[in-house]
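Okay, structure first, notes after.
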Amino acid sequence: MNILRVIAATALLAAVTGNWSPLRAATAPPPASASCAPVNGWNLICGNQNPEDLVPIPGTRWLIASGMKEGAGLKLVDTAAKTAQFFYMGQPAQQRPDKTLFANCPAPPDAKIFNAHGLYLRRAEQPGIYKLYVVSHGALESIQVFTIDGNGSQPSLTWTGCVPMPEGNKAYRNLGTQATSSRLAANSVAAFSDGAIIATIPQRPGTTNAQRLRGEPTGDVVEWKPGTDAFHVVQGTQLAGNNGIEISLDEKEFYVVSFGAHTVVVFSRQDPRKPLRRSVAPGFMPDNLRWSGNRLIAAGPMYDEPACGGTRLAVVDDPVLTSCHRGYVVAQLDPKTMAWTILAYAEPNPAISVVATGVVVGDTLWIGAAAADAIAYRALPNPQSGLRR
């Protein structure tokens, strides 16, 4: 039976302030994008290119959205007004490089071509101040770092530096000619309170997408620590398409999505050489992992989508069916018991293509999708009546 119908049959029971700060840019914000017509039950904020990832700013009505396309950059989303605007505009008032911490960072990102993929927000020592980590593609494969001031009536952003991703032949010296001098492309990022950054590499040099979807170990987690020159591979974290990544609230563990195996894997930060726990997602392929308060939420496409010819592996060589709109699931994971609770599911929706992220703000579920032109939202069903597995 179609997995979506299994989920649907069960889950249908559940459905239905302005203080001045030196960090603030001294320029007027660009025009905001606004809500447009709903599609298949989801409300939309249009004009947001490829919003693959979303992070809530705690205790506020604001979200930060990535834009996984040249020039799409970062957006600041007002969840009350249902509008979004460019957040990083590349102006001098938004740049304050820390050349000691990020000594190998050549220059700030050019807002005109800024391609932002995975996001991570880390609380800093001062109240209302955060560090934002951004996977950036294009001119420099890197992790870009910003300071977010969440105090006042509207958050502000200041770029502070970056950590370039390592060249393939330096990160994987054992691969010989399979690895070149091209920099590795990260997918997702997270950061510990001591400043260490971890990021996922879905496919190391020489591996293929078919291998990833067959469940073969194609990727890694890489780590950078302050005072070191470059990222290095974390041994023991080899998975089938390392994708989303998150850190436990006590920072003793980190969680990694194995996209090809549609599984979340838990590692010890102290000794990551062997996974601690793992859980297969119920009928979908998790992409990103994100804390929303005390909820650990994953989102991603249906594992087996009849409208697209079946599983991703079954159509791996067909470019039309590979890019087909798939249904999707948003689910909450208990990282201790590894039990899942379905929060939302849907059949294919052309307005929300390649769903990757789900976050909760108040009683509203927000969706980020890698190939969409909009950020989606709708009221969250009663979480206690969700489907558990």
Under a 3.5 Å threshold, yes or no: a donor from one side chain and an acceptor from the other, between [X] and [Y]?
X: His117; Y: Ser66; answer: no
X: Lys252; Y: Ser268; answer: no
X: Thr218; Y: Glu216; answer: no
X: Gln238; Y: Asp220; answer: yes
X: Asn243; Y: Thr200; answer: no
X: Glu52; Y: Asn288; answer: yes

Exercise for the section: Step through the shown structure and confirm whether more than 12 heavy atoms of other residues, nucleotides or ligands are within 6.0 Å of NZ on Lys82. Expected result: yes
task = Look at atom CZ of Arg277 and say whether more than 12 heavy atoms of other residues, nucleotides or ligands are closer to it than 6.0 Å.
result = yes
inquiry  = The test is side-chain contact (heavy atoms from CB on, under 4.5 Å); show your working for Val266 and Glu253 and say whether it passes.
reply    = CA-CA 7 Å; Val266 181; Glu253 299 175 343; 3.5 Å; yes
The side-chain contact (heavy atoms from CB on, under 4.5 Å) partner of Leu289 among Val264, Ile297, Ile245 is Val264
Self-check item: Any pair counted as side chain to side chain donor-acceptor pair (under 3.5 Å), so long as it reaches residues 308-323, sequence neighbours left out
Solution: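 Qualifying pairs: none.
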Checklist entry - Should the pair Arg269 and Phe192 be classed as cation-pi, given the thresholds of under 6.0 Å to the six-membered ring centre and 45° from the axis? => result yes
inquiry  = Before we go on, tell me: are the rings of Phe146 and Tyr88 under 6.0 Å apart, centre to centre?
reply    = yes
field: Output field: ring centroids Trp340/Phe284 closer than 6.0 Å
entry: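 For Trp340 and Phe284, the ring centres are under 6.0 Å apart.
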Taking the basic N atoms (NZ, or NE/NH1/NH2) and the acidic carboxylate oxygens, is any pair closer than 4.0 Å for [X] and [Y]?
X: Glu251; Y: Arg122; value: yes
X: Arg290; Y: Glu246; value: yes
X: Lys336; Y: Asp334; value: no

